[in-house]
Amino acid sequence: MSLNNEGSAVVSVLPKRRGIKFYFDIYRKILVQDLKSKMSYRADFVISNIGMIVSNLVGFVTFYILFQNFPSINGWTMYEMLFLYGFSLVALTPVQCFFDNNWNLRYAVKTGDFIKYCFRPINIFFYYISEVFDVKGLGQLVFGLGTLAYAWSHLAIPVTVATIAQTVLFLIAASLFMIAIMNFAAATCFWIQNSGYIMVIMFRFKDFAKYPASIFNSFFKIIFTFVIPIAFIAYYPSLVVLRPASVPLLSWLSPLIGLIFFYLSYRFWLLGARKYDGTGS
């Protein structure tokens with residue numbers, strides 16, 4: 001804590017530089033304790049994951065029913081669409097499991113409780129985000145992997161070290177986009193009161209991620225690519241594996257763009273934290 005020119009206290013959120021091992025060890029300990037507390041209510045754990053699987057199963061059944069009447073949609077078959085659906089569910093798992101505490105940020109800021117995160121000698125973003133692990137995301141991960149494997153087998157995509165490595169790399173890239181979108185949306189609470197609607201709107205856009213951007217008109221394709229990059233959560237990254245013969249440049253660039261987008265959202269989040277004065281609103 002330091003004093004500004006007017007003599008009032010200013011809380012510094014600039015962390016002392018720490019290594020990856022330091023943060024990994026801390027997160028491992030926090031995660032173990034969080035899981036222990038959640039597993040003490042095993043019924044809640046089971047019901048939460050069953051609920052997540054059932055809600056995702058609805059999307060699976062919707063595709064199945066839709067393609068009973070149409071052989072393809074704008075050149076996309078049922079199994080290609082299921083591949084995108086499974087890919088998007090797996091890509092969305094990290095934001096569901098590891099970054100779920102962003103939903104509580106506006107409450108912590110409004111009540112003034114966020115001030116407690118400003119007094120630890122560690123990265124404030126890490127400190128806040130690491131407090132919550134959402135176990136419901138595990139059910140989503142299982143269902144997403146199952147859907148991805150089901151579609152993969154019917155599309156006869158070769159199972160090689162190269163294709164598996166590409167899939168993992170571009171799943172990570174896709175995850176970075178959704179994490180970044182939610183970081184940006186959550187951090188608006190440092191400037192906007194009752195910013196929950198921004199979080200809700202941005203999160204609901206994820207429902208468009210399971211569809212190929214090519215089925216939308218030019219206006220929405222531009223929006224979902226360059227404004228709210230939902231198309232990078234499944235469509236562009238998955239094309240590297242799904243349609244390797246015609247991969248657009250944006251697909252190959254998605255890991256780099258994802259890293260940049262995530263970094264910008266992280267800096268935006270920290271910018272809001274630096275402006276936080278602890279008074280609430």
Side-chain angles (χ1 to χ4, degrees), residues 59 62-63 66-67 70 72-96 99 102 144 147-148 151 155 166-167 169-189 191-192 195-269 271-272:
T62 299
F63 278 125
L66 180 65
F67 279 95
F70 303 96
S72 66
I73 297 178
N74 198 23
W76 288 79
T77 66
M78 181 181 76
Y79 293 113
E80 287 179 319
M81 295 284 279
L82 285 176
F83 186 95
L84 285 182
Y85 184 48
F87 193 98
S88 68
L89 291 179
V90 177
L92 290 168
T93 297
V95 75
Q96 179 77 45
F99 292 82
N102 263 331
T147 303
L148 194 60
L155 292 169
Q166 283 182 333
T167 303
L169 172 63
F170 285 91
L171 276 170
I172 293 172
S175 296
L176 290 174
F177 282 94
M178 191 62 197
I179 293 169
I181 289 172
M182 298 311 289
N183 283 345
F184 274 119
T188 59
C189 71
W191 292 276
I192 303 173
S195 62
Y197 68 92
I198 298 177
M199 287 281 290
V200 172
I201 291 173
M202 291 298 104
F203 189 71
R204 285 182 177 175
F205 270 116
K206 72 177 177 56
D207 293 334
F208 294 101
K210 61 188 177 184
Y211 300 106
S214 58
I215 72 173
F216 299 110
N217 61 34
S218 298
F219 174 77
F220 283 106
K221 189 174 181 179
I222 291 173
I223 293 295
F224 292 153
T225 301
F226 300 107
V227 181
I228 305 172
I230 297 299
F232 283 96
I233 296 175
Y235 175 68
Y236 286 116
S238 68
L239 288 178
V240 175
V241 177
L242 191 57
R243 295 186 173 184
S246 55
V247 182
L249 180 61
L250 285 175
S251 294
W252 293 117
L253 291 177
S254 59
L256 176 61
I257 299 173
L259 279 172
I260 294 173
F261 192 46
F262 171 79
Y263 178 74
L264 291 175
S265 73
Y266 166 72
R267 300 305 303 182
F268 181 72
W269 200 101
L271 177 63

task = May I have all residue pairs that pass salt bridge (charged side-chain N to carboxylate O under 4.0 Å, His left out) and include part of residues 81-93, sequence neighbours excluded?
result = none
ask   = Do you know the tightest heavy-atom contact between Pro237 and Ala234?
value = CD-O, 3.5 Å
ask   = In Å and rounded to the nearest 0.5 Å, what is the CD1 to CG distance from Ile257 to Leu250?
value = 5.5 Å
query = Could you state the interatomic distance from CD1 (Ile230) to CZ (Phe205), rounded to the nearest 0.5 Å?
reply = 7.0 Å
key: Leu264 CG to Leu271 CG distance, which is reported to the nearest 0.5 Å   = 12.0 Å
Would you list the atom pairs, donor with acceptor, under 3.5 Å between side chains in residues 179-187 and any protein atom, with sequence neighbours excluded?
residue	atom	partner	partner atom	Å
Asn183	OD1	Asn102	ND2	2.9
Asn183	ND2	Ser265	OG	3.2

ask   = What residues, two or more places apart in sequence or in another chain, satisfy ring-ring contact (aromatic ring centres under 6.0 Å, His included) together with Trp252?
value = none
remark   = side chain to side chain contact (heavy atoms under 4.5 Å, CB included) filter on Ala91, not counting sequence neighbours, yields Leu171, Ala174, Ser175, Ile233
task = Please identify each residue that fulfils ring-ring contact (aromatic ring centres under 6.0 Å, His included) with Phe232, with sequence neighbours left out.
result = Phe177, Tyr236
message = Among residues at least two apart in sequence or on other chains, which ones pass ring-ring contact (aromatic ring centres under 6.0 Å, His included) with Phe170?
response = none
ask   = Roughly how far apart are Leu242 CG and Tyr235 OH, rounded to 0.5 Å?
value = 10.0 Å
task = Using the test side chain to side chain contact (heavy atoms under 4.5 Å, CB included), find all partners of Leu176 that sit at least two apart in sequence or belong to another chain.
result = Leu259, Phe262
Pairs flagged by side-chain hydrogen bond (donor to acceptor under 3.5 Å, both in side chains) wherever residues 253-264 is involved - sequence neighbours left out = none
ask   = About how many Å separate CH2 of Trp269 and SG of Cys189, when rounded to the nearest 0.5 Å?
value = 8.5 Å
note = Heavy atoms of Val90 and Gly144 approach each other most closely as CG2-C, 3.6 Å
Throw together a table of side-chain donor-acceptor distances under 3.5 angstrom for residues 206-224, partners on residues two or more places apart or in other chains.
residue	atom	partner	partner atom	Å
Ser214	OG	Trp76	NE1	3.1
Asn217	OD1	Phe219	N	3.2
Asn217	OD1	Phe220	N	3.0

ask   = Taking only residues at least two apart or on different chains, which pairs with a member in residues 239-264 satisfy salt bridge (charged side-chain N to carboxylate O under 4.0 Å, His left out)?
value = Glu80-Arg243
remark   = Taking every heavy atom of Phe67 against every heavy atom of Thr77, the minimum-distance pair comes out as CE2-C, 3.7 Å
inquiry  = As an exercise, state the distance from OG of Ser195 to CD1 of Ile201, rounded to the nearest 0.5 Å.
reply    = 11.0 Å
inquiry  = Using the side chain to side chain contact (heavy atoms under 4.5 Å, CB included) criterion, which residues pair with Val241? Sequence neighbours excluded.
reply    = Phe83, Trp152, Ile157, Gln166, Thr167
request  = Could you list the residues that satisfy side chain to side chain contact (heavy atoms under 4.5 Å, CB included) with Thr147, not counting sequence neighbours?
outcome  = Phe60, Leu82, Tyr85, Phe143
